[in-house]
Amino acid sequence: QVEVVESGGGLVQAGASLRLSCTASGLTFANYPMGWFRQAPGKERQGVACITWSGATTHYADSVKGRFTISRDNAKNTLYLQMNSLNPEDTAMYYCAAGSQPYYWRVGSCSRKDYGYWGQGTQVTVSS
């Protein structure tokens with residue numbers, strides 16, 4: 001059974017940085033695209049950043065480009081999201097997800113429908 005677990009959230013001030021981590025077990029991590037999504041209260045869950053199984057290709061939401069960096073360490077079955085220059089609009093529950101199928105990549109977007117294995121989320125709160 002697949003298990004996805006996020007960590008690293010917290011309460012920070014505007015302008016600060018955080019790094020989220022995510023481990024996935026029960027699948028061959030190196031074969032799956034991975035993504036970070038977030039959901040603010042009253043809003044839909046949206047894709048923040050996604051990365052191919054090799055790490056060679058990434059996609060970012062426009063709102064985080066230049067501030068967030070997604071990366072992965074396949075030897076450690078771990079996904080990361082480095083978040084810099086955080087602002088209150090980044091406040092949300094952040095979810096890590098593994099692709100529904102290996103070796104599949106949708107060019108140009110991080111679509112929820114392509115990700116089938118989800119963690120429970122980690123809260124990020126940015127105060128002004």
Side-chain angles (χ1 to χ4, degrees):
Q1 120 190 14
V2 178
E3 184 176 29
V4 178
V5 180
E6 307 94 337
S7 62
L11 170 63
V12 297
Q13 290 190 325
S17 297
L18 274 177
R19 188 175 82 156
L20 306 183
S21 298
C22 165
T23 59
S25 59
L27 48 70
T28 303
F29 183 81
N31 296 349
Y32 284 78
M34 297 292 296
W36 288 101
F37 297 77
R38 68 185 181 186
Q39 187 168 17
K43 296 188 177 180
E44 290 191 357
R45 193 173 301 187
Q46 60 174 195
V48 174
C50 296
I51 189 168
T52 54
W53 45 94
S54 67
T57 302
T58 57
H59 175 82
Y60 294 92
D62 287 343
S63 58
V64 306
K65 280 181 182 176
R67 299 189 298 123
F68 290 12
T69 302
I70 188 171
S71 62
R72 65 190 295 161
D73 184 340
N74 286 343
K76 296 181 178 179
N77 286 9
T78 302
L79 178 74
Y80 303 101
L81 184 68
Q82 178 66 44
M83 305 186 294
N84 298 331
S85 302
L86 285 161
N87 59 62
E89 290 70 39
D90 296 316
T91 295
M93 185 70 78
Y94 282 70
Y95 296 90
C96 174
S100 298
Q101 53 184 310
Y103 304 120
Y104 178 78
W105 179 254
R106 184 185 299 272
V107 176
S109 73
C110 297
S111 176
R112 286 180 57 186
K113 60 186 176 182
D114 296 328
Y115 292 81
Y117 303 102
W118 294 84
Q120 294 299 306
T122 186
Q123 178 68 38
V124 173
T125 302
V126 184
S127 63
S128 57

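Treat the numbers as computed from the prediction; the structure is a model and nothing was measured. Quick note: numbers below take in every heavy atom, side chains included, and nothing from hydrogens, waters or symmetry partners.
Interatomic distance, SG of Cys22 versus CZ of Arg72, reported as 9.5 Å (0.5 Å rounding). Expressed to the nearest 0.5 Å, how far CG of Asp114 lies from OG of Ser109 amounts to 6.5 Å. In this structure, SG in Cys110 is found 5.0 Å from NE2 in His59, a value given to the nearest 0.5 Å. From Leu81, atom CG reaches atom CZ of Phe37 across 11.5 Å, with rounding to the nearest 0.5 Å. Atom CE in Met34 sits 9.5 Å away from atom CG in Asn74 (nearest 0.5 Å). Here the OG1-CD1 distance, from Thr57 to Ile51, works out to 8.5 Å after rounding to the nearest 0.5 Å.
The side-chain hydrogen bond (donor to acceptor under 3.5 Å, both in side chains) contacts involving residues 10-23 comprise Ser17-Asn84, where partners must be two or more places apart or lie in separate chains. The side-chain hydrogen bond (donor to acceptor under 3.5 Å, both in side chains) pairs that include a residue from residues 28-39 are Asn31-Tyr103, Arg38-Gln46, Arg38-Ser63, Arg38-Asp90, Arg38-Tyr94, Gln39-Arg45, where partners are two or more places apart or lie in different chains.
Tracing side-chain contacts under 4.5 Å through hydrophobic residues (I, L, V, M, F, W, Y), one reaches Tyr115 starting from Val107; they form part of the same cluster. Grouping the Ile, Leu, Val, Met, Phe, Trp and Tyr side chains by contacts below 4.5 angstrom, directly or via other members, places Ile70 with Tyr117. No single ILVMFWY cluster, assembled from side-chain heavy atoms under 4.5 Å apart, contains both Val48 and Trp105. Linking ILVMFWY side-chain heavy atoms closer than 4.5 Å, directly or via other members, places Leu18 and Tyr80 in two distinct hydrophobic clusters. Under the 4.5 Å side-chain heavy-atom criterion for ILVMFWY residues, no single connected hydrophobic cluster contains both Met93 and Leu79.
Between Met83 and Leu20 there is a side-chain heavy-atom pair separated by less than 4.5 Å.
The main-chain N or O of Cys96 is found under 3.5 Å from a side-chain atom of Glu6 such that the two form a donor-acceptor pair. Checking side-chain atoms of Ser100 against main-chain N and O of Gly116 turns up a donor-acceptor pair under 3.5 Å.
Ala40 is linked by a side chain to side chain contact (heavy atoms under 4.5 Å, CB included) to Lys43, Ala92, counting only residues two or more places apart in sequence or in another chain. Residues satisfying the side chain to side chain contact (heavy atoms under 4.5 Å, CB included) test with Ser85, not counting sequence neighbours, are Arg67. Residues passing the side chain to side chain contact (heavy atoms under 4.5 Å, CB included) test with Ser54 are Thr52, Ala56, sequence neighbours excluded. By the side chain to side chain contact (heavy atoms under 4.5 Å, CB included) test, Ala14 is found to be paired with Pro88, Val126, residues two or more places apart in sequence or in another chain being considered.
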Mind running side chain to side chain contact (heavy atoms under 4.5 Å, CB included) on Tyr95 and Arg112 for me, showing each step along the way? CA-CA 11 Å; Tyr95 296 90; Arg112 286 180 57 186; over 6 Å; no
